[in-house]
Amino acid sequence: QVQLVESGGGLVQAGGSLRLSCAASGRTFSSFAMGWFRQAPGKEREFVAAISWTGGSSSYADSVKGRFTISRDNAKNTVYLQMNSLKPEDTAVYYCAATLLTGSRINEHYPYWGQGTQVTVSS
């Protein structure tokens with residue numbers, strides 16, 4: 001089992017920045033690839049970014065590429081999502097998730113999920 005707890009969400013103006021954190025506990029964090037997903041009201045949960053267990057490779061949804069950066073610190077059992085140039089359409093609940101399948105963008109491939117943190121971007 002892996003327990004995940006997100007933090008760092010909040011209200012920010014368009015063009016601003018936020019950094020989300022996801023702290024992991026339980027099984028060895030460095031064994032897992034990690035992902036960030038988001039879900040806006042009335043919409044399905046969608047992939048945002050993923051990072052390999054070493055941190056050596058990452059991937060992004062086209063909608064956030066160039067604005068968001070995923071990173072991890074295995075010594076701190078934490079994965080981060082740096083979000084810059086935020087837009088109102090980035091408003092959503094953001095979830096981190098853990099998987100043994102590196103690079104997956106599919107919700108169902110992630111067995112472990114955090115509770116989510118709200119990000120609201122005002123125009």
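In this text, all values refer to a predicted model and were calculated from it rather than measured experimentally.
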Trainee: For Y94 and L20, which heavy atoms make the closest approach, and how far apart are they?
Mentor: CB-CD1, 3.5 Å

Trainee: Which heavy atom of M34 sits nearest a heavy atom of L4, and at what distance?
Mentor: CE-CD2, 3.9 Å

Trainee: Please test F32 against W53 for side chain to side chain contact (heavy atoms under 4.5 Å, CB included), starting from the C-alpha separation and ending with a verdict.
Mentor: CA-CA 5 Å; F32 291 89; W53 64 275; 5.9 Å; no

Trainee: Under the criterion side chain to side chain contact (heavy atoms under 4.5 Å, CB included), I'd like the reasoning laid out for V93 against T117: C-alpha separation, chi angles, the key distance, then a yes or no.
Mentor: CA-CA 5 Å; V93 177; T117 186; 6.0 Å; no

Trainee: Taking all non-hydrogen atoms of both residues into account, name the closest pair between A40 and A92 and its distance.
Mentor: N-CB, 3.8 Å

Trainee: Y95 and side-chain contact (heavy atoms from CB on, under 4.5 Å): which single residue from Q115, E6, R38 fits?
Mentor: E6

Trainee: What is the minimum heavy-atom distance between T91 and V121, and which atoms define it?
Mentor: OG1-N, 2.9 Å

Trainee: For residues 96-108, which residue pairs pass the side-chain hydrogen bond (donor to acceptor under 3.5 Å, both in side chains) check, not counting sequence neighbours?
Mentor: S104-H109

Trainee: Are I70 and Y112 co-members of a hydrophobic cluster defined by side-chain heavy atoms under 4.5 Å apart?
Mentor: yes

Trainee: When you look at L81 and T69, which way does the side chain to side chain contact (heavy atoms under 4.5 Å, CB included) test go after all the steps?
Mentor: CA-CA 6 Å; L81 186 68; T69 303; over 6 Å; no

Trainee: Looking at S123 and P88, what are the two nearest heavy atoms and their distance?
Mentor: CB-CG, 3.9 Å

Trainee: Go through Y110 and F37 one step at a time and tell me if the ring pair (Phe, Tyr, Trp, His ring centres under 6.0 Å) criterion holds.
Mentor: CA-CA 10 Å; Y110 287 78; F37 293 77; 5.0 Å; yes

Trainee: To the closest 0.5 Å, what do you measure between CG (D90) and OG (S63)?
Mentor: 7.0 Å

Trainee: Measure the OG-CZ distance between S85 and F68 for me, rounded to the nearest 0.5 Å.
Mentor: 9.0 Å

Trainee: With salt bridge (charged side-chain N to carboxylate O under 4.0 Å, His left out) as the criterion, how do D62 and K65 come out once you've worked through the C-alpha distance, each side chain's angles and the decisive distance to 0.1 Å?
Mentor: CA-CA 5 Å; D62 287 345; K65 198 172 295 183; 3.3 Å; yes

Trainee: If two hydrophobic side chains count as joined below 4.5 Å and joins carry through other members, does V119 share a cluster with V48?
Mentor: yes

Trainee: Among the clusters formed by ILVMFWY side chains lying less than 4.5 Å apart, do V79 and L18 turn up in the same one?
Mentor: yes

Trainee: What residues form a side-chain hydrogen bond (donor to acceptor under 3.5 Å, both in side chains) with N74, not counting sequence neighbours?
Mentor: R72

Trainee: Identify the heavy atoms of F29 and T78 that sit nearest to each other, and give their distance.
Mentor: CE2-N, 3.6 Å

Trainee: Are L100 and W36 connected into the same hydrophobic cluster when the rule is that any two of I, L, V, M, F, W, Y join if their side-chain heavy atoms are below 4.5 Å apart?
Mentor: yes

Trainee: Is it the case that the side chains of S17 and N84 hold a donor-acceptor pair, with the cut-off being a distance below 3.5 Å and no angle test?
Mentor: yes

